[in-house]
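Order of the sequence lines fixes the chain letters, A, B, ..., with proteins taken first and strands second; residue numbering starts at 1 for each chain. Quick note: numbers below take in every heavy atom, side chains included, and nothing from hydrogens, waters or symmetry partners.
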Amino acid sequence: MYSPAAAAARSHHARREFVTAVAERQPTVRDVLAGRGELADDVVAVDTGSGAIIDLHSPAPEGAALSPIRLGSEAALAVIRHSAAHVMADAVQRLFPGTQVTIGPAIDNGFYYDFDRPDGAFTDRDLLKIEKEMKKIISSKKPFFREELTAEAVRALFEGMGEHYKCQIIDSILERGEAISVYRHGSPGRPEGTWADVCAGPHVPHTGFIGAVKLTHVAGAYWRGDEKNPMLSRIYGTAFPSQAELDEHLERLEQAKLRDHRKLGRELELFMFHDYAPAMPIFLPRGASIYRRLVDYIRELYVDYGYDEVITPQIFDPRLFATSGHLENYRENMYLPVTADDLDEALARARELMAQGAPPDEALTLPTLAQKPMNCPSHCLIFGQRKRSYRELPWRMADFGRLHRYERGGVVHGLARVRTFCQDDAHIFCTPEQMEQELSSFNSLLFEVYHAFRFEDVSVKLALRPEKRVGSDDMWDRAEAALEHVLKQSGVPFEVLPGEGAFYGPKLEFHVKDAIGRSWQLGTIQVDYALPERFDLQYVGPDGQSHRPVMLHRAILGSIERFFSVYIEHVAGKFPVWLAPKQAIVVSISEKQYDYALDVQRRLGARGLRVELDAGSDKLGAKIRNARNLRYPYIAVVGDDEMQAGTLSVRSRDDGELGAIPVEAFANKLLAESVAPRLGYENRTGS
RNA sequence: GCCAGCUUAGCUCAGUGGUAGAGCAGCGGUUUCGUAAACCGCAGGUCUGGGGUUCAAAUCCCCAAGCUGGCUCCA
């Protein structure tokens, strides 16, 4: 149990140790900065030059560079937010006694802290109260200070406060043999006067540096991220040096909301969902138009990059997925459909067996089929159809087949996480010697595609073997080494993600940053020695012997559905002419120009352009407004003047008024913009 | 699946125990207008579904579904 009196006693004891330490102290960072005349009001902490960031009151390490971190820098923001997390935990414990603290880091756009509250989760009203309490602590400008305590002292301190999660954290720090530091800040109203947390730091000099704070939402989170552990209550918030910066941040969130693909999908009539098909999008004509163009664009590139497209079934005998390992490793994500005949038969047999006394779970054995969650197994069937020669390799087998994966209810999200989708999927069967060339050719293709969609900021991650996997350790060693080698050779910087590979092989993930700075994983390429072995795939080499091909699983857009969601948000619904479902709308001023407007629409349509007509009785202003809301790339206004001159008064969505343009000239302009952007052929390294 | 919240007309949202509302969209009419919203009228709802409490439920309680934000998982 939490005991304020005991905690206060511990705290005072610890405080005495701290004071003693201060008395014998060496010069602090603050002393050093002051000596150099660099101690400005906006200095939050210092960078030691060796990667560590430490507080002003820390003892100054000998010979360290100590460059000040000032308000306005990214590093300062993280320090402020981490300090805000402490203040929040302090406020929570003042308001909700008996609540235990766990961890509370700074994250990308703010911070969070996970609590174990006996009375259950926090409500939105609680958040307001907590925020108010935090503001009190902040305005009192209480200093943060650091103590290095002995392990026993720290353990006793938190044990005494009834902080069982903290004790677990302390124990794991001790196991790693690291030093333990405790951070405190003054907390008016708390009996012991200060609030303490096991923390590596650093923190702001005093709570006043947390200029503006807002608690945003509550969420559940498993202790240590493991779903077998108890669920904690997480409170998310964000903090900034000033209210103005917080307001700006909130404004950015509003902007992001405006480009939310679920909202735009509804408004632009791109796709819909229905309760009868949860998490399975239904594409409306406009959305289907874009979807098809995305796929067609990739198909065009496949011609130049030497891919062959195949078409494969949706449903297979489960033996296919037993062979591939999916039934063992991917079962929880698979739909296992059953025919009505099989079901009736199985039920009849089960009734009979149960009448003879069999328990229900033994009586019912249901023959099922398997809906494919991936294309790779069927591609292995294709490869194995007949004897293959080395002359056929590399064989790049593309498939836009629809996949179904059962996703748990809580994870689905608009188009970004759905239960049916298709990928720009392909499997490259090649010799081990060809693998590097294939990886690098894929790299060129991928960058060409991202360039076309104006994703200019791409980062690469190397995901290594997961716990649940097929294939020998030797295979994994080779596959991981191959990917790493290609990355190092190409000089592309990359991050390593241990344990995050697919069950059949390690993978490269390609992440892009969108127009408002958010990062998304799109493409991937995965090296796989396991499936060729499981399917016993072979080719005859120049030596007349059988050899095992390597299989590369790869996608550039990833799932078309997810890509669509990212792209909608990237361009805020303003699709370029080559993708837009309707490239222009002809708008008449009055019904006098109806015939001319209709003729213009037909002439443009005859040139292969996708053109809408608004000849309704709205006023021009209303028509323009509607057309702009639907994000037509061009609005072509026709009135008496244009009708006389045979022109259109064109307004570009992206470039504003273009003035009067002859119909044919406008058609040519649109046609020129209707072509998907391509790199020159010489830039491609594919065969 | 877990934690929390939400679900009222096609869309955005009012309505907190006592006769279901608004704006936009739709439909009809009038207007034919020069670059972001003309005017008048009409229609539109088993208040997500089911159960319960109550004289009375959109409103309170329970169950389910879907969705939203997280966690875990992931293209």
Side-chain angles (χ1 to χ4, degrees), chain A residues 107 112 114 117 120-124 126-127 216-236 257 260 262-263 266-267 269 272-279 330 332-333 373-374 403 405-425 463 466 468 500 502 507 509-510 520-524 526 553-566 587-594 615-630 635-642 649-651 656-657 659:
Chain A
I107 52 173
Y112 68 79
D114 286 348
R117 184 186 173 199
F122 297 96
T123 63
D124 286 349
D126 293 337
L127 289 198
T216 51
H217 52 283
V218 286
Y222 300 107
W223 167 235
R224 296 197 154 157
D226 188 330
E227 60 183 315
K228 291 180 205 75
N229 285 342
M231 172 80 54
L232 305 171
S233 295
R234 173 172 299 180
I235 302 179
Y236 283 92
K257 238 176 168 174
D260 189 310
R262 292 164 302 185
K263 175 181 148 71
R266 201 168 32 238
E267 287 175 2
E269 297 197 330
M272 58 173 269
F273 287 91
H274 194 278
D275 279 5
Y276 289 176
Y330 207 72
E332 64 263 35
N333 285 301
M374 295 185 192
L403 305 177
R405 297 184 187 173
Y406 173 69
E407 298 286 357
R408 300 201 284 181
V411 308
V412 296
H413 176 90
L415 288 185
R417 188 78 180 272
V418 292
R419 293 191 174 124
T420 176
F421 58 98
C422 94
Q423 297 174 301
D424 58 335
D425 195 15
K468 209 174 176 183
E500 299 205 1
K507 60 183 179 185
E509 295 177 359
F510 296 86
W520 308 92
Q521 190 204 319
L522 298 180
T524 175
Q526 308 167 1
H553 306 240
R554 38 110 301 164
I556 300 165
L557 304 182
S559 97
I560 309 296
E561 280 74 3
R562 177 177 291 180
F563 178 80
F564 200 174
S565 77
V566 171
V587 167
S588 61
I589 287 173
S590 77
E591 64 188 20
K592 279 182 288 179
Q593 303 92 28
Y594 175 72
S617 64
D618 279 337
K619 291 177 73 168
L620 181 60
K623 291 183 183 180
I624 296 281
R625 182 185 141 88
N626 291 337
R628 284 190 57 86
N629 283 339
L630 289 172
I635 302 171
V637 176
V638 296
D640 285 340
D641 299 348
E642 290 78 10
S649 182
V650 178
R651 178 204 264 239
E657 291 287 349

Q: Counting the atoms with a prime plus P, OP1 and OP2 as sugar-phosphate, which does Lys468(A) contact under 4.0 Å by heavy atoms, base, sugar-phosphate, or nothing?
A: nothing
Q: What contact category does Glu657(A) fall into here, base, sugar-phosphate, or nothing, at under 4.0 angstrom with non-hydrogen atoms?
A: base
Q: Quick one: list whatever passes salt bridge (charged side-chain N to carboxylate O under 4.0 Å, His left out) with Arg554(A), sequence neighbours left out.
A: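 Testing Arg554(A) for salt bridge (charged side-chain N to carboxylate O under 4.0 Å, His left out), a comparison that skips the adjacent residues, returns none.
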Q: Say we look at rC11(B) and rU48(B): how far apart would their P atoms be, to the nearest angstrom?
A: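 It comes out at 13 Å once rounded to the nearest Å.
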Q: Check every strand shown and say whether Ser649(A) touches a base, only sugar-phosphate, or nothing at a heavy-atom separation below 4.0 Å.
A: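 Since a base atom lies under 4.0 Å of Ser649(A), the category is base.
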Q: At under 4.0 Å between heavy atoms, what does Gln521(A) touch on the DNA or RNA strands: base, sugar-phosphate, or nothing?
A: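 Counting heavy atoms under 4.0 Å across all strands, the contact made by Gln521(A) is with sugar-phosphate only.
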Q: With C1' as the reference atom in both, quote the distance from rA4(B) to rU8(B) in angstrom, rounded to an integer.
A: 22 Å
Q: Looking across every strand, which nucleic acid part, if any, lies under 4.0 Å from Asn629(A) by heavy atom: base, sugar-phosphate, or nothing?
A: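 Base, at least one base heavy atom under 4.0 Å.
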Q: Classify the nucleic acid contact of Gly414(A) as base, sugar-phosphate or nothing, counting any heavy atom under 4.0 Å across all strands shown.
A: sugar-phosphate
Q: Provide the distance between the two P atoms, one in rA56(B) and one in rG70(B), to the nearest whole Å.
A: 43 Å
Q: Pick the C1' atom in rU12(B) and in rC3(B), then give their distance to the nearest Å.
A: 29 Å
Q: Let's test this: given Watson-Crick or G-U wobble pairing with both distances under 3.5 Å, identify the partner of rA22(B).
A: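 Base-paired to rU12(B).
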Q: Scan Ala121(A) against the nucleic acid and name what it touches under 4.0 Å (heavy atoms): base, sugar-phosphate only, or nothing.
A: sugar-phosphate
Q: For Ala279(A) versus Val412(A), what's the shortest heavy-atom pair and its separation?
A: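 Nearest pair, atom of Ala279(A) first, then Val412(A): CB-CG1, 3.5 Å.
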Q: Please find the earliest and latest nucleotides of RNA chain B, in the 5' to 3' direction, that have an atom within less than 4.0 Å of any heavy atom of chain A.
A: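 Contacts span rG1(B) to rA75(B), reading 5' to 3'.
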Q: At under 4.0 Å between heavy atoms, what does Ala279(A) touch on the DNA or RNA strands: base, sugar-phosphate, or nothing?
A: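 Sugar-phosphate, no base atom in range.
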Q: Quick check on RNA chain B: between Ser233(A) and Asp618(A), whose nearest nucleotide comes earlier from the 5' end?
A: Ser233(A)
Q: Counting only Watson-Crick pairs (N1-N3 plus N6-O4 or O6-N4) and G-U wobbles (N1-O2, O6-N3), all under 3.5 Å, who is the partner of rG66(B)?
A: rC6(B)
Q: 5'-most contact on RNA chain B: Pro278(A) or Arg628(A), nearest heavy atom basis?
A: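 It is Arg628(A), whose closest nucleotide lies nearer the 5' terminus.
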Q: Quick one, Arg405(A) and Met374(A) - any side-chain contact, counting heavy atoms below 4.5 Å?
A: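 Arg405(A) reaches Met374(A) side chain to side chain.
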Q: Say we look at rG10(B) and rU46(B): how far apart would their P atoms be, to the nearest angstrom?
A: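 Here rG10(B) and rU46(B) have their P atoms 9 Å from each other.
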Q: Under a 4.0 Å threshold between the charged nitrogen and the carboxylate oxygen, would Asp114(A) count as salt-bridged to Arg224(A)?
A: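 Asp114(A) and Arg224(A): not salt-bridged.
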Q: Could you check whether Arg562(A) makes a cation-pi contact with Phe421(A), meaning its NZ or CZ is under 6.0 Å from the centre of the six-membered ring and within 45° of the ring axis?
A: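 The answer is no, since Arg562(A) fails at least one limit relative to Phe421(A).
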Q: Regarding Asn333(A), tell me which of base, sugar-phosphate or nothing describes its non-hydrogen contacts under 4.0 Å with the strands shown.
A: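 Nothing, no nucleic acid heavy atom in range.
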Q: Should we count CD of Glu269(A) as having more than 12 external heavy atoms under 6.0 Å?
A: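 No - once you tally the heavy atoms of other residues, nucleotides and ligands closer than 6.0 Å, there are 12 at most.
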Q: By the 4.0 Å heavy-atom rule, please label Lys623(A) as base, sugar-phosphate, or nothing.
A: nothing
Q: For rA38(B), which nucleotide is its Watson-Crick or G-U wobble mate, given both distances must be under 3.5 Å?
A: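 When the pairing criteria are applied, rU30(B) turns out to be the nucleotide that pairs with rA38(B).
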Q: If you measure from the C1' atom in rG5(B) to the same atom in rA20(B), how many Å do you get, rounded?
A: 25 Å
Q: What residues form a salt bridge (charged side-chain N to carboxylate O under 4.0 Å, His left out) with Glu561(A), not counting sequence neighbours?
A: Arg402(A)
Q: In Watson-Crick or G-U wobble terms, both distances under 3.5 Å, what is the partner of rA43(B)?
A: none
Q: Please classify the nucleic acid contact of Glu591(A) as base, sugar-phosphate, or nothing, using heavy-atom distances under 4.0 Å.
A: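 It contacts base atoms.
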Q: When you compare the side chain of Arg628(A) with that of Ile635(A), does any pair of heavy atoms fall below 4.5 Å?
A: yes
Q: Rounding to the closest angstrom, what is the interatomic distance between rC13(B) and rG50(B) at atom C1'?
A: 27 Å
Q: Which part of the nucleic acid, if any, lies within reach of Asp425(A) when heavy atoms closer than 4.0 Å are counted: base, sugar-phosphate only, or nothing?
A: nothing
Q: Any base atoms under 4.0 Å from Gly621(A), or only sugar-phosphate, or nothing? Heavy atoms, all strands.
A: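 Sugar-phosphate only.
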Q: Any heavy-atom pair between the side chains of Phe122(A) and Ser233(A) that's under 4.5 Å?
A: yes
Q: At under 4.0 Å between heavy atoms, what does Glu642(A) touch on the DNA or RNA strands: base, sugar-phosphate, or nothing?
A: base
Q: Could you measure between the two C1' atoms, the one in rG21(B) and the one in rU59(B), and give it in whole Å?
A: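 The same atom, C1', in both gives a distance of 15 Å.
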